[in-house]
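Below is the structure I would like to discuss, written out as structure tokens.
Note that the numbering runs from 1 along the sequence shown for the chain. When reading the values below, keep in mind they use all heavy atoms of this one structure, side chains included, and skip hydrogens, waters and symmetry mates.
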Amino acid sequence: MRQRNKPWAEDMFAENPELVPSTPTERKGKWCEVFGNNNPIHLEVGTGKGQFIIGMAKQNPDINFIGIELSASVMVSALEKLIEENITNVRLLNENAQDLTELFNENELNRIYLNFSDPWPKNRHEKRRLMYRLFLDLYKTVMKPKCEVHFKTDNQGLFEYALHSFSKYGMVLHEVSLDLHNSDFEKNVMTEYEEKFSSKGSRIYRCVAQFR
């Protein structure tokens with residue numbers, strides 16, 4: 001769905017540097033200083049309007065969360081929620097996931113979330129999928145050893161692709177669910193897309209892939 005352009009979004013980011021750090025590449029290796037503590041750092045790639053990351057932050061106040069989102073017009077909704085709810089353990093970055101190694105040092109992150117990522121269904125677009133091996137290289141570089149990628153989608157084809165890509169890369173699969181909402185998984189925090197698709201009866205797929 002095409003998002004309405006919000007030309008004022010970047011001005012709002014600039015007005016809230018404590019939540020949307022300016023010049024984030026200069027924070028590389030210093031994200032604990034940004035948060036003012038040494039808590040683990042979890043990253044959501046493609047944070048959208050922020051429902052998931054804010055829900056996770058509330059559920060886990062002892063974890064620092066960073067959401068990266070390419071679309072300013074989408075991410076500004078997440079910023080509005082952060083301000084309204086006075087969440088202090090979340091930061092937002094209006095950046096491209098391809099630039100992760102410019103934003104984070106090696107071993108700086110403890111977990112990555114991929115939620116309802118664009119499936120890019122055409123074969124010629126495979127390299128754009130966030131589970132493609134080049135993205136996995138980036139994740140492995142910025143994460144501590146043996147850390148996990150948590151993945152959710154409503155798209156069966158993308159889920160099958162992800163399982164294959166994770167396995168081929170040598171990652172260990174855990175918690176593979178073909179119907180998350182009818183499983184025994186507890187403390188699930190839904191994204192906006194997850195609420196929308198599940199309300200229409202769509203099955204939600206989930207897995208955890210751990211680097212060796």
**OP:** Flag yes if Phe166 and Ile112 sit in one hydrophobic cluster, no otherwise; membership is Ile, Leu, Val, Met, Phe, Trp, Tyr, and two members link when side-chain heavy atoms are under 4.5 Å apart.
**Re:** yes
Subject >> Arg128 side-chain N/O to Asp118 backbone N/O, donor-acceptor pair under 3.5 Å >> reply: no
Subject >> From Phe197 atom CZ to Phe116 atom CZ, the distance as rounded to the nearest 0.5 Å >> reply: 7.0 Å
Under 3.5 Å donor-acceptor pairs involving side-chain atoms of residues 99-106, not counting sequence neighbours:
none

Original post:
Looking at His125 and Trp120, what are the two nearest heavy atoms and their distance?
Top reply: ND1-CE3, 3.7 Å
Original post:
Are Phe151 and Leu130 close enough that some pair of their side-chain heavy atoms sits under 4.5 Å apart?
Top reply: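 A side-chain contact under 4.5 Å is absent here.
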Original post:
In terms of hydrophobic clusters joined by side-chain contacts under 4.5 Å, are Leu93 and Val74 together?
Top reply: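 The answer is no; the residues belong to distinct hydrophobic clusters.
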Subject >> Contacts of Ser183 that satisfy side chain to side chain contact (heavy atoms under 4.5 Å, CB included) - sequence neighbours left out >> reply: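 Scan of Ser183 (side chain to side chain contact (heavy atoms under 4.5 Å, CB included), adjacent residues dropped) gives Ser177, Leu180, Phe185.
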Subject >> Co-members of Tyr113 in a cluster of I, L, V, M, F, W and Y side chains, linked at under 4.5 Å >> reply: Trp8, Met12, Phe13, Leu19, Val20, Phe52, Ile53, Ile54, Met56, Ile63, Phe65, Met75, Val76, Leu79, Leu82, Ile83, Ile87, Val90, Leu92, Val189
**OP:** Report, as yes or no, whether the 6.0 Å neighbourhood of atom CG on Asn38 holds more than 12 heavy atoms from other residues, nucleotides or ligands.
**Re:** no
Original post:
More than 12 foreign heavy atoms under 6.0 Å from NE2 of His164: is that the case here?
Top reply: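 Counting other residues, nucleotides and ligands, NE2 of His164 stays at 12 neighbours or fewer.
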Subject >> Lys140 side, atom NZ; Arg212 side, atom CZ - distance, nearest 0.5 Å >> reply: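 Answer for the NZ-CZ pair, Lys140 versus Arg212, is 10.0 Å.
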**OP:** Identify the two heavy atoms, one from Lys146 and one from Gln210, that lie closest to each other, and give their separation to 0.1 Å.
**Re:** O-NE2, 2.8 Å
**OP:** Could you tell me the separation between the CE atom of Met131 and the CG atom of Leu136, rounded to the nearest 0.5 Å?
**Re:** 9.0 Å
**OP:** For the pair Lys81 and Glu192, find out whether any cationic side-chain nitrogen is under 4.0 Å from an anionic carboxylate oxygen.
**Re:**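 A salt bridge links Lys81 with Glu192.
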**OP:** Determine whether more than 12 heavy atoms belonging to other residues, nucleotides or ligands lie under 6.0 Å from atom CD of Glu10.
**Re:**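 Atom CD in Glu10 is not crowded, with 12 or fewer foreign heavy atoms closer than 6.0 Å.
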Original post:
Is there a donor-acceptor pair closer than 3.5 Å between any side-chain N or O of Asn89 and the backbone N or O of Ala57?
Top reply: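 At least one qualifying donor-acceptor pair exists.
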Subject >> Inter-residue atom distance Lys49.NZ - Ser73.OG, 0.5 Å rounding >> reply: 10.5 Å
Subject >> Arg111 side chain reached by Glu148 side chain, heavy atoms, under 4.5 Å >> reply: yes
Subject >> Short side-chain donor-acceptor distance under 3.5 Å, Gln51 and Glu194 >> reply: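 No, because no side-chain N or O of Glu194 sits under 3.5 Å from a partner of the opposite role on Gln51.
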Original post:
So Trp31 and Phe35, would you call those rings parallel, tilted or perpendicular, with 30° and 60° as cut-offs?
Top reply: tilted
Original post:
Rounded to the nearest 0.5 Å, how far apart are CD1 of Ile68 and CD of Gln98?
Top reply: 10.0 Å
Original post:
What closest approach, in Å, do Cys147 and Met143 show between heavy atoms, and which atom pair accounts for it?
Top reply: CB-CE, 3.4 Å
Original post:
Does the side chain of Glu69 pick up a donor-acceptor pair with the side chain of Asn94 at under 3.5 Å?
Top reply: no
Subject >> Gap between atom CG of Asn39 and atom CD1 of Ile41 - 0.5 Å precision >> reply: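 Result: 9.0 Å between the selected atoms.
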Original post:
Any chance NZ of Lys30 has more than 12 other-residue heavy atoms, nucleotides or ligands included, within less than 6.0 Å?
Top reply: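 Count not over threshold, so no.
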Original post:
Heavy-atom distance under 4.5 Å between the side chains of Leu173 and Ser167, does that happen here?
Top reply: yes
**OP:** Find out if a path of hydrophobic residues (ILVMFWY) with successive side-chain heavy-atom gaps under 4.5 Å connects Tyr205 to Val176.
**Re:**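 Yes, it is one cluster - the side chains of Tyr205 and Val176 are joined through contacts under 4.5 Å.
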Original post:
Is Ser117 close to Thr153 at the side-chain level, that is, under 4.5 Å between some pair of heavy atoms?
Top reply: no
Subject >> ILVMFWY clustering at 4.5 Å (side-chain atoms), partners of Met190 >> reply: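 None; Met190 is a cluster of one.
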**OP:** Please examine the side chains of His42 and Asn110, heavy atoms only from C-beta on, and report whether any two atoms are closer than 4.5 Å.
**Re:**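 They are in contact (side-chain heavy atoms under 4.5 Å apart), so the answer is yes.
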**OP:** Measure the shortest side-chain to side-chain distance between His181 and Asn188 over non-hydrogen atoms and say whether it is less than 4.5 angstrom.
**Re:**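 Yes - at least one pair of side-chain heavy atoms lies under 4.5 Å apart.
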Original post:
Mind checking what makes side chain to side chain donor-acceptor pair (under 3.5 Å) contact with Ser77, not counting sequence neighbours?
Top reply: Lys6
Subject >> Side-chain touch Val34/Arg91, heavy atoms, less than 4.5 angstrom >> reply: yes
**OP:** Check for a donor-acceptor pair, side chain of Thr141 on one end and backbone N or O of Asp137 on the other, with a separation under 3.5 Å.
**Re:** yes
Original post:
Quick one: do Phe135 and Val208 end up in the same hydrophobic cluster if we chain Ile, Leu, Val, Met, Phe, Trp and Tyr together by side-chain heavy atoms under 4.5 Å apart?
Top reply: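 No, it is not one cluster - the side chains of Phe135 and Val208 are not joined through contacts under 4.5 Å.
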Original post:
For residues Asn155 and Tyr161, is any side-chain donor paired with an opposing acceptor at under 3.5 Å?
Top reply: no
**OP:** Applying side chain to side chain donor-acceptor pair (under 3.5 Å), name anything that partners Arg129, two or more places apart in sequence or on another chain.
**Re:** none
**OP:** Spell out, yes or no, whether Leu163 and Met171 are grouped together once hydrophobic residues are joined by side-chain heavy atoms under 4.5 Å, including indirect joins.
**Re:**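 In one cluster with Leu163: Met171, yes.
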Original post:
Taking side chain as C-beta onward, heavy atoms only, is Asn107 less than 4.5 Å from Pro145?
Top reply: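 In contact.
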